[in-house]
K.L.:
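Structure provided below as structure tokens; questions to follow.
Everything numeric here is computed off the predicted structure, so don't read it as measured data.
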Amino acid sequence: MKLRRITDVGLKAVTGLILAIALILTFTVSDYYIFNRIGEFNFFFVFSQWMKKAGLLLLPLAVYYNKKCCSDIFKYVLPLFVILSSCTFGSFFDISAEANAQTPSELLFAHMNGFMPKAANMTLFFISNALYLAACVLLFLRDGREWYKVKAKSFIYLPFAIVACMPLNIFENFFDIAKFSRSGFWWFRNFTLWHFLMIAVLVAFTVGAYYFLRKKEKKAQEDFLVAAAIVLLIQYHSKDSMVMGDGYNVYHSVFACIPLFICNIGVYIAALSVILKKKLLYAISFFVHAAGAVSVFVYFGKDEMSNYGIICSYSILYFCLTHILLFALSIMPTALGHYKFRMKDCLIPLAYYFAVIVVATVSSALVTSYLTDYAYGGHILGEVAPEQQLLPNYAFTQINPFPFEVPVWGLTIWKYKVNLLYVLGLYVAYVAIFFAFNGAYYAFLAVRKRVLVAMLRRRTASAVKSKTPAGEVLEEAAVAEEKSAAAEKPEQEEQQDEQEPTE
């Protein structure tokens, strides 16, 4: 018993260290640089690194949530790829954005982003590999005498883990973005075929996830939501390395990795809401981040302020995948009946969003002021880089995404003049979007209830005419009531939830 306790503590500590090191390593150019340049690196090394990304999903589920299938996959599959990556790294640690810089702006950004020394990168890489192997040993110890009892069906989940953690820039091995015109068919812009396709994918994924989870036990629903949250965090942090290497959208500075974009903060809020199961986080996710995530699918912002590339580019795949997962995680707890949003729950989210706007505005001004005078190699960033690349635009507080101009009424913070009139208008506009989304939610519940009642009445009338036994009619009524109850919890249960902390 004592050994089991020590093993459990050791596993949790090792897993925490692996996740922390993985997060730090995303702030190196090399972390994701290799995935869209497979021809320049050893294929086995590249695939091993991909498998280690999948391990970041499997290990937390195996350790913190005792998922036997994830434990089996991790301890029997991952060691091979961890050892392989330690032996085939080649020139991985020699990757340098500064060495590949061709313009003054690229040189300046590369110098700014290259703050991780090669020695530190190598050290953390091999420590991480050692911890992976230590986690495998501890999983074997935790399983004790039953370590050899492996179910073949456990490995059914391996392909899903690999696909879920796929490096989204891997498709760039098959095309040269320079050969595509910004006005061509394949380029992603507002109100094109690709735009409407992404909306369709958002709807299909959300509806599909709901119907997949609705008939499962609550514990299974929570486990799947946690797995989705981990995938979201892994894919979200892939942007760190991409920003510092090839760039993401219009961003090339490490300062773009600061999570002050409203949906970036939402990634953490939504993920923590399903992990911690806290009512406050559920409310913020549903009221603020669900509406924020879905609004960008209606309008991606002015085409001239974005550079998503073609439909298979990393920038658009990353943007759409993370926002689809964010939207699904924000609404699924409410849709599945884990939490019911009420109008009084909007007060704290409104204050939260106001605080985000204030912090984002000040931070944007400070970062822009710093970047404007950033100098290296005889160049000054403000003189050689386009103005838009110097604006971090946290929470849209600098670049207006709306198709109209706002008069300037400003306040200067350091060297940047903030348009307070625009910022206040932005807050009001998004609050209106939040309430509109909430109103649409209640309208959906009302229509849904009427449809269920109408269906029940028709079936009851049909049963009377066909002389169907009363028991079957009551059974159908019970099913309809169960569906309605999933959206509207009894008031008594809500009051009990307020009095008792969620486990």
K.L.:
Does NZ or CZ of Lys216 fall inside the cone over Phe212's six-membered ring, less than 6.0 Å from its centre and within 45° of the axis?
P.N.:
yes
K.L.:
May I have the step-by-step check of ring pair (Phe, Tyr, Trp, His ring centres under 6.0 Å) for Tyr370 and Phe255, ending in yes or no?
P.N.:
CA-CA 11 Å; Tyr370 171 77; Phe255 289 99; 5.6 Å; yes
K.L.:
With a 6.0 Å cut-off (strictly less than), is the heavy-atom count around CZ of Phe171, excluding the residue itself, greater than 12?
P.N.:
no
K.L.:
Does atom CZ of Phe155 have more than 12 heavy-atom neighbours from other groups under 6.0 Å away?
P.N.:
yes
K.L.:
Check the orientation of Tyr318 and Tyr248. Use parallel for under 30°, tilted for 30 to 60°, and perpendicular for over 60°.
P.N.:
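Perpendicular, since the angle between the ring planes exceeds 60°.
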K.L.:
When you compare the side chains of Ser154 and Tyr76, does any donor N or O come within less than 3.5 Å of an acceptor on the partner?
P.N.:
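Short answer, no.
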K.L.:
Could you go through the salt bridge (Lys or Arg N to Asp or Glu O under 4.0 Å) check for Asp8 and Arg4 one step at a time?
P.N.:
CA-CA 6 Å; Asp8 286 342; Arg4 175 59 183 265; 3.4 Å; yes
K.L.:
Within the 3.5 Å criterion, strictly below it, is a donor on Asn129 or Ser85 matched to an acceptor on the partner's side chain?
P.N.:
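A donor-acceptor contact under 3.5 Å links the two side chains.
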K.L.:
For residues Asp246 and Asn169, is any side-chain donor paired with an opposing acceptor at under 3.5 Å?
P.N.:
no
K.L.:
Taking the six-membered ring for Trp and the single ring otherwise, decide whether the centroids of Phe300 and Phe319 are under 6.0 Å apart.
P.N.:
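Under 6.0 Å, so yes.
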K.L.:
Quick check on the 6.0 Å ring-centre criterion: do Phe287 and Phe434 meet it?
P.N.:
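Centroid separation for Phe287 and Phe434: below 6.0 Å.
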K.L.:
Parallel, tilted or perpendicular: which one describes the rings of Phe27 and Phe115, with boundaries at 30° and 60°?
P.N.:
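Rings of Phe27 and Phe115: tilted, as their planes differ by 30° to 60°.
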K.L.:
Do Phe261 and Tyr251 make the cut of ring centroids closer than 6.0 angstrom?
P.N.:
yes
K.L.:
Could you tell me whether Phe185 and Trp194 have their ring centroids closer than 6.0 angstrom?
P.N.:
yes
K.L.:
In plain terms, say whether Lys219 and Asp223 are close enough for a salt bridge, that is, a side-chain N and a carboxylate O under 4.0 Å apart.
P.N.:
yes
K.L.:
Tell me, do Pro392 and Thr368 make a side-chain contact under 4.5 Å, heavy atoms counted?
P.N.:
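Heavy-atom side-chain distance check passes, below 4.5 Å.
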K.L.:
Please report whether the ring centroid of Phe35 lies less than 6.0 Å from that of Tyr32.
P.N.:
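Yes, the ring centres sit under 6.0 Å apart.
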K.L.:
Below 30° counts as parallel, above 60° as perpendicular, anything between as tilted: where do the rings of Phe160 and Tyr157 land?
P.N.:
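Answer is tilted, since the angle falls between 30° and 60°.
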K.L.:
Quick one: does NZ or CZ of Arg182 land under 6.0 Å from the six-membered ring centre of Phe180, within 45 degrees of the ring axis?
P.N.:
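Geometry flag: not set, cation outside 6.0 Å or 45°.
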K.L.:
For the residue pair Phe92 and Phe41, is the inter-centroid distance of their aromatic rings smaller than 6.0 Å?
P.N.:
no
K.L.:
Taking Cys69's backbone N and O only, do any of them form a donor-acceptor pair with Asp72's side chain (distance below 3.5 Å, no angle check)?
P.N.:
no
K.L.:
Please work out whether the ring planes of Phe93 and Phe125 are parallel, tilted or perpendicular, with thresholds of 30° and 60°.
P.N.:
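Plane angle over 60°, so perpendicular.
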K.L.:
Parallel, tilted or perpendicular: which fits the ring planes of Phe126 and Phe89, with parallel below 30° and perpendicular above 60°?
P.N.:
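Answer is perpendicular, since the angle exceeds 60°.
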K.L.:
Side-chain donor-acceptor pair under 3.5 Å between Gln398 and Asn393, yes or no?
P.N.:
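Distance-only check fails for Gln398 and Asn393.
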